[in-house]
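Below is one structure, written out as structure tokens; comments come after it.
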Amino acid sequence: MTRAADLDRHCGPAAVAALFARRPQDVMRLFHTAERRREAGPHCALLARSRRPYREVVAADLARVAGTQHHGGIVALAVPRAVPAIDPRALPAAVVGARVTPVLDGIGNPHNLGAIARSAAFFGCRALVLSGDPRQAGLSDAAFRTAEGGLEALDLFRATDLPLLLRGLPPSVVSIAAVPRGGVPPAEVPPGLPLMLVLGNEETGLAAPTVAACRLRVTLPAAGPVESLNVSVAAAVLIHALLA
């Protein structure tokens, strides 16, 4: 059996339910408290049929399994998810079939990654792309927990060389850089075509080569004295506005 240290930890009822709905074959172990016995029941039955372990534990033991006190009473250990490379010459259906696909370039906080995935899934996005920037957060316990199942609802891809990907997109897919100033408001983005919305690092934003590789730039107009939003909040507002 795979060692627990090699498995991803998915914490909370929503994250665990999404994992079982999307990748039940990847779940290796399940732990839950007595308070989550009802939610855990169907998952335990599935694991029993495949002869995989599950256990009811006290909260202190579950915190040790989860590595956090914020475990929501249920934790699943699963095989890490593969994130395949995306090819601009053969874009996946999840990208070309959706109005907006978020592309994260150097977003280092896993909570921001999870929050963006949660918003993207809520608004009906079908995919999420992670860049090869060394600062870019990957799939982690914190990201899964914050996403509340959103990461499981999205097809995930990686772009090792993001500017190369953006320059190679077909005319039928529009790359759009989220910038703090100088871009058009969301209402002026042409309707109809699929968009790849590129979001940058929390502190420094998007690198110049990435912005230059995008066909359009978009900026949220501020209505008050605060100049910027947290990137996960900005992502949610932009996705909603671009869908309108």
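Positions are given from 1 along the sequence. Keep in mind that the numbers below use all heavy atoms, side chains included, and drop hydrogens, waters and symmetry copies.
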Main-chain N/O of H32 paired to E56 side chain as donor or acceptor, under 3.5 Å: no
Verify same cluster id: L242, M196 (apolar side-chain graph, 4.5 Å): no
Separation of H43 NE2 from L19 CG (nearest 0.5 Å): 8.5 Å
Connected via hydrophobic side-chain network under 4.5 Å: F144 and V79: no
When rounded to the nearest 0.5 angstrom, what distance separates CD in Q69 from CG in L62? 9.5 Å
Side chains of Q136 and I107: closer than 4.5 Å at any heavy-atom pair? yes
Is it true that a side-chain atom of R9 and a backbone atom of T68 form a donor plus acceptor pair closer than 3.5 Å? no
Can you tell me how far apart CG (L151) and NE2 (H10) are? Round to the nearest 0.5 Å. 9.0 Å
Worked verdict on L216 versus L195 for side-chain contact (heavy atoms from CB on, under 4.5 Å): CA-CA 10 Å; L216 293 176; L195 304 173; 5.6 Å; no
Test log, rule side-chain contact (heavy atoms from CB on, under 4.5 Å), inputs V103 and L166: CA-CA 10 Å; V103 180; L166 297 172; 5.5 Å; no
Mind checking whether P170 and L91 have side chains closer than 4.5 Å, heavy atoms only? yes
Would you say L206 ends up clustered with V237 if hydrophobic residues are merged whenever their side chains have heavy atoms under 4.5 Å apart, either directly or through other cluster members? no
For a side-chain contact (heavy atoms from CB on, under 4.5 Å) check, start with the C-alpha distance between L199 and L238, then their side-chain angles and the critical distance, and finish with the verdict. CA-CA 10 Å; L199 301 146; L238 282 168; 4.3 Å; yes
Will you find, in the side chains of N109 and E202, an N or O donor that is under 3.5 Å from an N or O acceptor? no
Distance-minimising heavy-atom pair for V179 and T219: O-OG1, 2.9 Å
When you compare the side chains of T204 and R135, does any donor N or O come within less than 3.5 Å of an acceptor on the partner? yes
So P53 and L47, do their side chains get closer than 4.5 Å, heavy atoms only? no
Can you tell me if CD on E203 sees more than 12 non-hydrogen neighbours from other groups inside 6.0 Å? no
Crowded around R181 CZ? As in, over 12 foreign heavy atoms under 6.0 Å? no
Nearest heavy atoms of C214 and S175, plus distance in Å: CA-OG, 3.2 Å
Out of curiosity, does F122 fall in the hydrophobic cluster containing V233 (side-chain heavy atoms, cut-off under 4.5 Å, transitive links)? yes
Measuring from atom CZ of R55 to atom CG of D61, what distance do you get when rounded to the nearest 0.5 angstrom? 8.5 Å
Are L104 and V231 side-chain neighbours, meaning at least one heavy-atom pair lies under 4.5 Å? no
Just one of I239, V95, I116 clears the side-chain contact (heavy atoms from CB on, under 4.5 Å) bar with C125, so which one? I239
Taking the side chain as everything from C-beta on, heavy atoms only, tell me whether L156 gets closer than 4.5 Å to L130. no
Kindly indicate, with the supporting measurements, whether the criterion side-chain contact (heavy atoms from CB on, under 4.5 Å) is fulfilled by V218 and V189. CA-CA 8 Å; V218 66; V189 174; 4.2 Å; yes
Check: E152 main-chain N/O paired with R22 side-chain donor or acceptor under 3.5 Å: yes
Rounded to the nearest 0.5 Å, what separation is found between the OG1 atom of T210 and the CG atom of L164? 11.5 Å
Got L46 and V27 here, is their nearest side-chain heavy-atom distance under 4.5 Å? no
Is there a donor-acceptor pair under 3.5 Å between the side chain of R158 and the backbone N or O of V83? yes
How close do G106 and N201 get, heavy atom to heavy atom, and via which atoms? O-ND2, 2.7 Å
Using a 3.5 Å distance criterion without hydrogens, assess whether the side chain of T146 forms a donor-acceptor pair with backbone atoms of A143. no
R99 side chain to L193 backbone, donor-acceptor under 3.5 Å: yes
Which heavy atom of D8 sits nearest a heavy atom of R81, and at what distance? OD2-N, 3.9 Å
Are R145 and H111 close enough that some pair of their side-chain heavy atoms sits under 4.5 Å apart? yes
For residues A127 and T101, report the shortest heavy-atom separation together with the two atoms involved. O-CG2, 3.6 Å
To the nearest 0.5 Å, how far apart are CD in E39 and SG in C44? 11.0 Å
Closest approach of L162 to S131 (non-hydrogen atoms, all atoms of both residues): CD2-CB, 4.1 Å
Would a distance-only check, ignoring hydrogens and angles, find a side-chain to backbone donor-acceptor pair under 3.5 Å from R36 to G72? yes
Determine whether V174 and F123 fall in the same hydrophobic cluster, where Ile, Leu, Val, Met, Phe, Trp and Tyr are linked whenever their side-chain heavy atoms lie under 4.5 Å apart. yes
